[in-house]
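Here's the structure, in C-alpha cells; my notes come after.
So that the names make sense, note that chain A is the first sequence line, chain B the second, and so on, each numbered from 1.
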Amino acid sequence: MFEKLYKSSGLIFPALATIAALAVSGSLDAYLAFVATSWIIFGLLGLSLDVIWGRGGLLSLAQTAFYGLGGYFGAVVAINMAPTYGMSLVWALPCSALFGALIAAALGYVIFYARMGALQSTILSYTLTLLLWSVTQTFKLDVGAATIGGDNGLSGIPGFVLGFGEEAKKLKPNAAFALVVCISAAVYFVTYWLMRSNFGKIVDCIRIDIQKTELLGYDIRKVQVLNFAYSGAVAGIAGALFALWANYLNPSIFSVQEALLVPIYVLVGGLGTLAGPFLGALIIGGLSFWLGGGAAGGQTTLILGTVLILLVLFLQNGVLGALGSLWRRFMPDPNNAARLTGAVQIDTEVLEDILVEAEKTAGPAKNLSTDEAFKRFGGVIPVNKVSRDFTPGEPHSLIGPNGAGKSSFLKTCVGLYRPEGGTISLGDEDITKAPVFARVRSGMGMKNQKPQVFGEKTVRENLWIAAYARTKDSAKSDAISAQILGMLGLGAQSGVQASALSHGQQQWLDIGMVLCLAPRVVLLDEPAAGMTNEETRELSVLVRTLAKHTTVVVVEHDMEFVRTLEGHVTVLHQGKLFAEGDIKTLRANDAVLDIYLGRGEHV
Amino acid sequence: MKNTLKDVLGRLSLTSVIALASSAAFADVKVGAIFDLTGGLNIYGIQQNNALNLAIKNVNAAGGVNGETVTVVGYDAQSELSKYTQFAQTSVLRDGISAMFAGLTSSSREAIRPIFREANIPYFYSSLYEGGACDRQTFVTGSSASQQLNVLMNWAVETYGPKIYIMAPDYNFGTISGHWIHKFAADNGAEVVGEDYLALSVTDYAPTIQKIQAASPDVVVALPVGAAQTGFLEQFAAAGLKDTIGVVSTNYGSGNQQVVVSPQAGEGLVSAMGYFPSVESDANAAFKAAWEAEYGSDTPIVAGAVDVWNAVHLWAAAVNKAGTADTEEVIAALESGLTFEAPNGTVTLEPGSHHLRQDVYIARGNANSGFDIVQTFEDSAPTYENEMCDLIENPDLAEHFIPEG
Amino acid sequence: MFKVSGATGGYGKTTIIRDVSLEVQPAEIVALLGRNGVGKSTLMRFATGLVKAQAGTVEIAGVAAPPAPSKRAKMGLGYVPQGRFVFPRMTVIENISVAAASNGFDAKQVVAELFEDFPLLVPKAHDLAGGLSGGQQQVLALARALAIRPKILLLDEPTEGVQPSIIDEMAGVLKRVNQEREIAILVAEQNLDFCLSIAERAYVMEKGAIRMETDRDSLLADKVLQQELLGV
Amino acid sequence: MEPDFLATVLLSSLSSASILLIATLGLAVVYGLMGVINLAHGEFLMVGAYSALTATQIGLPFLLAIPFAVFMTMLIGAVVELLIIRRLYGRIFDTMLATWGLGMVFNQTAVLLFGTVSPGIGMPQWNFRIGDFSLAVYPLTMIVVAALLLAFVYVLMTKTVYGMKARASIQEPQMAQAIGIDSARVNTLTFAIGCGLAGFAGAILLPIIPATPSMGLFFAVKGFLTVVVAGPVALTGTALTALGLGGGASVTASFMTSVIGDVFFFFVTALLLWLYPLGISSKWRRKL
C-alpha cells in the first residue's frame, strides 16, 4: 500500500492538488487568484525546463526564449482573431505551442546534431535568449491589429476568453485561475504520461549514458530534438497563458534575469520530479509576494539570492526530492538483493537457444572488414591503414602494447570515431560514413572497456531497453530480457538498480545488453578486466559459444584468457597490423616478444 | 503538500489584505502609486515616490480633496516590468483606488495603461518620454520628446552650426527622438550628418567617437541612458573633442548623469528639460523648501519628481472642481483646461491630448555638477500629441502614436 | 615501519572494511590479495587518509599519522592508485615536479633521477600526461609516487590494463628501489604471478577483513586456498 | 576608406578586445583551473570598482586604489570559497546557480551601501591624433595592461610551484592531497586570485566605466561566453577568443552599429560552438 502510493505519487498528489485548487478557486480573493495564476504559469514554464533538464539532461537557458516567442506569436494571432471570433485560448495556445516547438527543434538540431558539450549547449541556448533580448528592443512590426513596438512591447492582448463571437467577455480572475489550473494540469499529466512511456525511458537513458544509448541503436539525436521540441511546446503554452494573463508582452521577457529564474523554480521544487517546478514557482512566487507586496521596499532579490545559495548547498534535490528520499527511507531497500549473488555461471544451453533464435530474426552472421582504415588525432595516428577481415566461426583477439590503437580500432569500427580514410564494411554494406546507431541497427554490438549500464534503472530495465532498441515491441522485449536475465543467473537481482551491482556483475549485465541486440558482429573491449579468474573462465566459454554464431572481435591484455579462446590473434603496434596467427606462433615471434610480451616470468 | 502550502499562503495574504484594509478604513479617497523603489531605476523611483508623498501631504494640509483626506497605497516595482502589471491589477482588484500615479519607462506605462483603461481609473504618467501615448484615462505630465527637441534644436543650430550628429540609445526613446531631431533639423535648415544608436549594454564608445570624428559635426545630440552610456560623455571629453564639438541633450541631468560624469567632462554640456532645480520662481522656492525639509538636500531634485508633484496637484484640483472623485466627473474636470502654478512655471493640461503645455529650459552644466539656466522657452506645447490625439473628438482612441519613418 | 591497526571505514554510511590490521617491515614487499570487491582498494585509501576512518589508526615509521592525506604524504607515504589518476593537463615533467616540490625536494634533481629509473618516460617528458597510453600513465603514476621519496609505497592494482612487457619492467624497478632505497612496498593485486614474483609475504582479504597471513611458498603450494580465496 | 580612420578603428578595436580580456581573465582562471563557472564574476568586478572608488574618495591616489581593490576582492573571494564554493567542486551547474545567487546578494548589498548613483572619477584627459582623428590615451593603455596581465597569469600558473599545485589540485583533487598538496588551501587561493583579477579589472576600468551595482553584468555575460567558447585551454584560448570576438564586435560596431556589433558577438559565439562543440581549444595540446 505504502509502496504503491509512492510509485503513483506523481499522479495522485498532483491530482489532489488540482482538485483542491479548483475547489478553492471560487472562494479565493480575486486579487490572490490573479497573482496565483501567474505562479501556475511559471510552474508550467518550469515544467518545460524539467522535461529537457531533469529528464533530457540539458540545462537549457532558452526556455524563456520559447516562452516569449511562443507568447508573442500566439498573442499576435489572438489579437487579430479574438475580437471577432472570441475564444482567445483556442487561437493562442496551439499557435504558441507550435511556434515554441519549432524554435526549440531548430535550436535542438544545432545543439544535438553538432554533439555539443553540456556547458556549451547551455551557453548556446543562453546566447539565443540574449540575442533575442538585444534584437527585440527595436523590433517593430504591425501584423493586422497587433503592433509589436520594440521595447514598448505588444499591448492589447485579450484576456482569457472562452465564449465565441464578438460579445464574448474575458474571464474574471477566479475563473481564469481555474482555467489555467485545468490547462496546466492537463499539460502536466500528458507530460507525466510521456515521460513514463517508452519515449520517456529512452530520454532517461540518454541522460544517464548517452554513448551507451547510441550503442544500443537508438537515434539519440532525433529523440533529443523531439524531447526539446516538446519542452519548447510546453514553454510556448506557458507563454500564451502568460500573454493572456498579463495582456501585455515586452522584450524584458528575454532578459538575463528571467532566463535564470526558471532553473530556480525547478531546483527549489526538485529536478526531474515534473511536479516540483510548480511547487518551486509557488514557493518563490509566494515568497516574493509576501516579501515585496507592500510599499516598503522589500529586499526580494537579496532574500532570493540567499535562498538560492542555501538551497544549492543544503537541499540538493529540492523540496520534492528531499521528501522523496525521506519517504524511501521508510521502505524496504530494493537493492538488498544485490548482495545475495553467487558466482556467475553461464548456461550454455540457454545461450545457444538465444543465439539460434537471434539468428532466425536477425539473419546470419556478417563479416566485418576494414580496408585501409585510417584515423588520426593531431599528430597521433591510432589507426594507420588497417585492412582486416573478421569472420564468424572462431573468436578474433586483438592484442598489442598500450597505445597500439586497439580500442581506437574498435571505436572506429563502431563509429564512435570517424575515420579520415579507408572504408569499413559490415557484410556487403559500406558503413564508413554511417552514424553509430545505424551500424548497431545493421547488426553491430559493442561493449566498451568500462561497464556501461544505466545505473538508476533496474537490471531488468537495462536489458529491456536494449531489447526494445531492436524489437520496438514491448511484449517481445519483456520476453527477451527475461531470457537473458535467466541465462546470466541474475534473476534474483532483476529489481536491483544496476548501480548497486558489483563491478563484475555490471560487466556481465553490459554483455547481456549487447546480447539483447542479437548482434551479427560483436566487439568486446577488454571484457575480462576486473574479473576474477573463475569469471574469466565463464567469459571464455561465452565468447567461444558466441563465435559459433556471430563474428566476435575481442581486445584483451590477459594472455591466459586469449589462449583459452583458441582463436585467431592479431597484434597491433603503433596503429598498424604487426603480426598475426595463433597464440603459440606469436609467443615464438621475437618481434612480438620485444614490443609486447616481454621475456620475463610474469606472462 | 502543495495544498497546505497554498492554504497557508492564502491565509497569510488574506490577513495582510485585512490589515491593509483596516489601516485604510478611515481614509476617504485612495490613490495608488507604483514606482521603482529598489533596483537599478530607483534613482528616479525614490524621488518620484517622495514627490508623490510630499504632494499628497501638501494636498491634505490644504484640506484634502472635497474635504476628505487622501491616502496612498504604494508599491515597489523593484525595477521589474512584471511587477508593474501585477501591482496594477492588485490596485484595481483589491485597493479600490480613485487614481493611479505610476511608471518611469515607456514599457512600464504601456504595460499598465490598458489595465487602467479597462478599469476606467485616471492614470498619471510623470516622466520625460518619446511622446505619443494617447487614451482617455491616461494623463501625461512629463514633457515629450518633440516638446523639448523643438526648442533645443532651434537653439543648437543657432549656437553651434548646421551639422548635427545623433548619439542615442537603440530603443524607442532614442529612435523616436532621432526622428524628431531629423525633422527639427530640417525645419531649421540644418543637416544630420550621422547617427549612432547604441545598445544599453555598450560600454566602449570608441567606435561612436570615431564615427563622430569622421562625420565632423558642429554639434552632437547625445541622449545617454543609464550609467554605462554616461561613459560616452567621459570618453568623448577624454578624446579631446568637447572643445571643438558642442554636446546637447534632452535627458542629460534628468537623473544622475551630472553627478556620475566627472566635472571636466560635464562642464559645458547643454541640456533642455522641463525642470531644473535652478529655476527661479516663488513656486519652485516653496517646493524646494518643502522638499528639503522632508528629504534633505543630498541629491538634486529630478524633473520626474516635479512631474509627479504636478500630476497630484492637477488631479486634486480636478477632484475639487468636480466635487467628487468619480472617474467620469474627474476626467471631465481634467479636460476643462486646468492650469497649475508649478515649480517649473505655469502648466496647462491640454484637453485633447492629455499632455501638458509647459516651460522648457535650456541649461548648461557647470563645474559643480549643477546647471545654469541659459534660456527659458515659455509655454511650449506638445505639438505632435495635440496633432495626433484629440480625445475630445475621439474619446475612444487608445493608441501609442509613433511618427512614421 | 608501517602499521595499520583496527582499520574500519567505507563510503558514506556503508562500512566496507572492518577492524583490519596489518604491518609492513622496513624494506619489505608485502602483497595484499583477494577477490574483486573484498575491500583492498578501500584499505589502501584508508591508509592514505582518503577514506575517512570510522575507527583505527595508521602508523608510519613509528609515528601516528595525522588524518590529512597531504600530511601523511609528507611523512613518506607514497600512493599509486588504481586507475592511475595522473594530472592529465600537466606534462610528464610537471607531474613529477609538483610531487617533489610539494614535499620540499629539488624538482629538477628528482626528475633527472626518475628519468633514469624510467627511460620510457624520457621521450614523453613534455607531453601532457592525459595523452599518454595506459601503460605509460601507470609508469608515470609510479614515478610520481616515488618523487616524494617515500618510505612506504602503496600500489593498487598496478598491472591492470598494462601490457606484459611493461609489467615486467615495473617489477624490475620495484625490486630495485626496494633494495637500493629500502622502500617498503604494499601491493594490492589480482595478478597472482606478478605479486608473488616480487613479494615475500601476503595478506589475504575476504569480505572486508583479513582472512589470513601467509608467505609466498605456502601460498604457491596451496592450490585449494588459491581456488577458494582468489578464484584462481 | 582613409588610412587614418582604418588605423584608428584597428587601434581602438584592439583596446576594446583588451578591455574584454582584462575583464575576463579572472573568469578564465577560475573556470580553466577550477572548473567553476563563477556567475558572480561581474559582481566581483563591481566590488573592485567600488573599492577603488571608495579608496579614491578617502584620498588615496588611483594607482594605490587598484591594489586596495585587488586585496578587497581577494579577501571576499577567499571567504566565498571557504563558505560556498568549496562544497560544490565538480558540480558545475550547482556552482553556477550558487554564484548567481551570490551575485544577486552582492548586487543588492551594493545598492544598499552605495545607492545606484556614485560620482565618476573621470578619465585622464590625455589624447593624441592620428590624421584627422583624436583618441583618448587611457583606453589604449589597456592594450599594454592586458598583455602584461596575461603574461603575469601565464607565468604564475605555469612556471611557479604554486601554479603547478593549483592545476594539480583541481585536475585530481584526491591525488593532489595524496602527494602532499594541501589542496583545500591551494583552491582557496586560486579562487581568490580569480576574484582578485576581477577586482583589478573593475578598478582599472573605473575611469572608463562608472561604478554602478549592475556594471558587471554585461562584462560577465560576454566574458562567460568568451571563456566557454575558448574551451579547456583557458588562458591562451581566452586571449584568442577575446581578441576575435571583442575586437570583431568593435570593428563591426565601427562600420555599422553597436547593436550589429552585439549581434556579431552572439552570432559568432553560436557559430564557433557549432564548429567546435567543446570549445575552440578542445583539441589543442597545451597546458593553459
Side-chain angles (χ1 to χ4, degrees), chain B residues 36 38-46 78-79 167 169-171 195-214 216 226-231 233-242 244 255-266 298-300 369, chain D residues 2 5 8-9 11-13 15-16 19-20 23 107-108 111-112 115-129 132-140 205 207-215 217-219 221-222 246 249-259 261-263:
Chain B
D36 304 299
T38 50
L41 297 175
N42 75 353
I43 45 159
Y44 305 95
I46 290 174
Q78 301 164 30
S79 307
M167 174 269 167
D170 192 14
Y171 68 94
E195 49 195 337
D196 203 11
Y197 296 96
L198 297 152
L200 293 179
S201 56
V202 175
T203 48
D204 170 27
Y205 294 93
T208 309
I209 288 168
Q210 283 143 19
K211 282 189 247 184
I212 291 174
Q213 295 187 64
S216 57
Q229 292 205 343
T230 313
L233 301 172
E234 203 71 58
Q235 294 178 32
F236 187 78
L241 299 172
K242 209 182 68 176
T244 49
N256 56 339
Q257 295 96 331
Q258 72 274 31
V259 182
V260 173
V261 165
S262 61
Q264 64 260 39
D298 288 349
T299 45
S369 300
Chain D
E2 311 93 55
F5 181 67
T8 322
V9 166
L11 209 53
S12 60
S13 296
S15 111
S16 296
I19 290 172
L20 178 65
N107 195 321
Q108 194 63 26
V111 172
L112 292 177
T116 42
V117 190
S118 297
I121 66 163
M123 211 191 281
Q125 299 289 307
W126 308 321
N127 51 69
F128 73 101
R129 303 193 72 83
D132 287 344
F133 294 90
S134 169
L135 284 143
V137 170
Y138 192 80
L140 293 181
L205 297 178
I208 306 179
I209 304 142
T212 57
S214 58
M215 67 183 289
L217 179 69
F218 287 103
F219 273 116
V221 166
K222 284 192 175 171
S250 181
V251 170
T252 316
S254 293
F255 288 105
M256 292 150 110
T257 71
S258 73
V259 176
D262 267 3
V263 170

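Between D:Ser258 and B:Asp170 there is no side-chain heavy-atom pair separated by less than 4.5 Å. Under the 4.5 Å side-chain criterion, counting only non-hydrogen atoms from C-beta, D:Ile209 is not in contact with B:Glu234.
Only the side chain of B:Leu241 comes within contact range of chain D, judged by heavy atoms closer than 4.5 Å. Residue D:Ile208 touches chain B through both its backbone and its side chain, counting heavy-atom pairs closer than 4.5 Å. Interface residue D:Phe219: only side-chain heavy atoms are found under 4.5 Å from chain B. Contacts of B:Val259 with chain D are made by both backbone and side-chain atoms, with heavy-atom separations under 4.5 Å. Of the atoms belonging to D:Met215, not a single heavy atom falls under 4.5 Å from chain B. At a 4.5 Å heavy-atom cutoff, the contact between D:Thr257 and chain B is made by backbone and side-chain atoms alike. Proximity to chain D is absent for every atom of B:Ala265, based on heavy atoms less than 4.5 angstrom apart.
The shortest non-hydrogen separation linking D:Ser254 to B:Gln210 is OG-OE1, 3.5 Å. Of all non-hydrogen atoms in B:Ala237 and D:Gln125, the two that sit nearest each other are O-OE1, 3.2 Å.
Top candidate by heavy-atom pairs under 4.5 Å with chain D, chosen from B:Ala214, B:Ser216, B:Ser369, B:Ala206, is B:Ala214. Annotation: maximal heavy-atom pairing with chain D below 4.5 Å, among B:Ala238, B:Pro207, B:Ser262, B:Gly266, occurs at B:Ala238. With respect to chain B, the highest number of heavy-atom pairs below 4.5 Å among D:Thr8, D:Asp132, D:Thr252, D:Val111 belongs to D:Thr8.
In this structure, the separation between CZ on D:Phe133 and NZ on B:Lys211 is 12.0 Å, given to the nearest 0.5 Å. Once rounded to the nearest 0.5 Å, the distance linking OG of D:Ser134 with CZ of B:Phe236 reads 10.0 Å. Rounding to the nearest 0.5 angstrom, the gap separating the CG atom in B:Asp204 from the OG atom in D:Ser13 is 8.0 Å.
Put simply, the side chain of B:Gln235 never gets that close to the backbone of D:Ala136: no donor and acceptor are under 3.5 Å apart.
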